[in-house]
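Order of the sequence lines sets the chain letters (A, B, ...), proteins ahead of strands, with each chain counted from 1.
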Number of protein chains: 2
Amino acid sequence: MRLLIVEDEKRLALSLAKGLTAEGYAVDVVHDGREGLYRASEGSYDLVILDIMLPGMNGYRVCAALRAAGHDVPILMLTAKDGEYDEAEGLDTGADDYLTKPFSYVVLVARVKALLRRGGQGTGASPVHVHGDLKVDTAARRVFLGDDEVTLTAKEFAVLEQLVVRAGEVVSKAEILEHVWDFAYEGDPNIVEVYVSTLRRKLRAGLIRTVRGAGYRLERVEAAR
Amino acid sequence: MRLLIVEDEKRLALSLAKGLTAEGYAVDVVHDGREGLYRASEGSYDLVILDIMLPGMNGYRVCAALRAAGHDVPILMLTAKDGEYDEAEGLDTGADDYLTKPFSYVVLVARVKALLRRGGQGTGASPVHVHGDLKVDTAARRVFLGDDEVTLTAKEFAVLEQLVVRAGEVVSKAEILEHVWDFAYEGDPNIVEVYVSTLRRKLRAGLIRTVRGAGYRLERVEAAR
DNA sequence: AGGGGGCTTCAGGTTCCTCTCAGCGTCACT
DNA sequence: AGTGACGCTGAGAGGAACCTGAAGCCCCCT
């Protein structure tokens, strides 16, 4: 899951990014409206957190421009409560939810999750993926193998999520990198192998199949016996 | 999938080529406009990445010339943001999308994929090709012969894919070479024979017919029994 | 300040692809 | 039937891709 934060208060942006990263999202941050619009237009984000007061281009205009261009990515607006801007206006321009500053971090996370869940429903994707005896609950971020819960770290979960969403298909290492790590990541792609390795250990060895030269594939339901 | 990059900044061209190759595309690079037009005219590319500022012939003119000649290959234009050239003009001349430098690599890949997807849908290409008792699933990278799965390596799969996509037609050795390896490949063309040989062994001897002096042909549905 | 957990890098080891080569078979044409 | 061109295929070297244990770093919690 990739999130884009468009927020010019750098301290706030940074702390949000940090927290959400810890939740297992891949988070990109930009500090001005024009740049935000540009990045969001690429369509590779699952949600955009958009401040209203922005240099370059204000949040309403970014939001309106995105909708005008046909993007239906969920948008969570951040409004200051000083009354200069109006919540209703945000919703009018096509935002899906708004949050009035100051807000608690917990609330933000809850809203983010709610929006992601709603978006998922809209497109017919269930938040819970069942796959043989593997059950991945993307909303609750829990994984079960048979009756046993398996504890995964944020990154482990994110990698598994990618594989589960496209179960049966080959997912390339590059695609996993793109979705799980953010665009500033310049590290070793080997990191994907490391995570696959630990996932295999924590889950079951045969579950994630390596397709040499192509990527990884979550095996479709193992032959029932 | 074959991509052509027309870009005179060699460093940029090289790094794009490297990345896209890693994504599994066969990538060719040329550094001037005239050469780009010439290669693109051959019609063997699935997408063209076209810089605007080019020696020989600028990107707009290449693009316009291609469209004038009736080619509908997707074109992704690269524009510098210095304002000398205008994005709209790129789209006017028939480009399908544009990207303003500097851009992140991830963005480029996303756009490339989007364009290829759009094109693919239009032509109704399915990810699964069925051909008699041979089934080739390009998304999962799996091949079935009857009920049995056949394990293929990356190159074997790529060769078979070429034959399957054009089932019933003769595909020349040169075409296979170009699609599976890229045009910079300087090795022995015999390599194609080697791979056809192993494919026959792994699949069924009669499936791939040699057409002497012309190439190979995947036989249309074998006589049902 | 110390400890722990998660993230990342690194390096050694392993697997198994890829490509080349060479000899032989097969085909088409005379 | 002979001949040359073309195609087939087994063997092996070399290397790419992948796996995984270990260790360092950073952040957070105690």
Can you tell me which nucleotide in [options] comes closest to the side chain of [X]?
X      : options               : result
B:T153 : C:dC7, D:dC28, C:dC17 : C:dC17
A:K155 : C:dC7, C:dT9, D:dA17  : C:dC7
A:I191 : C:dT9, D:dG7, C:dC19  : C:dT9
A:V194 : D:dC8, D:dG21, C:dA11 : D:dG21

Taking any heavy-atom pair under 4.0 Å as a contact, classify [X]: base, sugar-phosphate, or nothing.
X      : value
A:V196 : nothing
B:F157 : nothing
A:A22  : nothing

>> Tell me whether A:R141 forms a cation-pi arrangement with A:Y25, defined as NZ or CZ under 6.0 Å from the six-membered ring centre and within 45 degrees of its axis.
In response: yes
Protein-nucleotide distance ([X], atom [atom1]; [N], atom [atom2]), rounded to Å:
X      : N      : atom1 : atom2 : result
B:L177 : C:dC19 : CG    : P     : 10 Å
A:R209 : C:dC16 : CZ    : C1'   : 15 Å
B:I208 : D:dG7  : CD1   : P     : 15 Å
A:D188 : D:dG24 : CG    : P     : 18 Å

> Does the pair B:E175/B:K173 count as a salt bridge with the N-to-O cut at 4.0 Å?
Replying inline: no
>> Please determine whether a side-chain nitrogen of the Lys or Arg among A:R39 and A:D28 lies less than 4.0 Å from a carboxylate oxygen of the Asp or Glu.
In response: no
> Hey, does the side-chain of A:R212 have a donor or acceptor N/O within less than 3.5 Å of a partner on the base of C:dC17?
Replying inline: no
> Taking N and O atoms by type only, does the side chain of A:R201 place a donor or acceptor under 3.5 Å from a partner on the base of D:dT20?
Replying inline: no
>> My understanding is that only one of A:V150, A:T198, A:L218 makes a side chain to side chain contact (heavy atoms under 4.5 Å, CB included) with A:L203; could you say which?
In response: A:V150
>> Please confirm whether the shortest side-chain N or O distance from A:S197 to OP1 or OP2 of D:dG21 is below 4.0 Å.
In response: no
> Just to confirm, is there a sub-4.0 Å distance from OP1 or OP2 of C:dT9 to any side-chain nitrogen or oxygen of A:Y195?
Replying inline: no
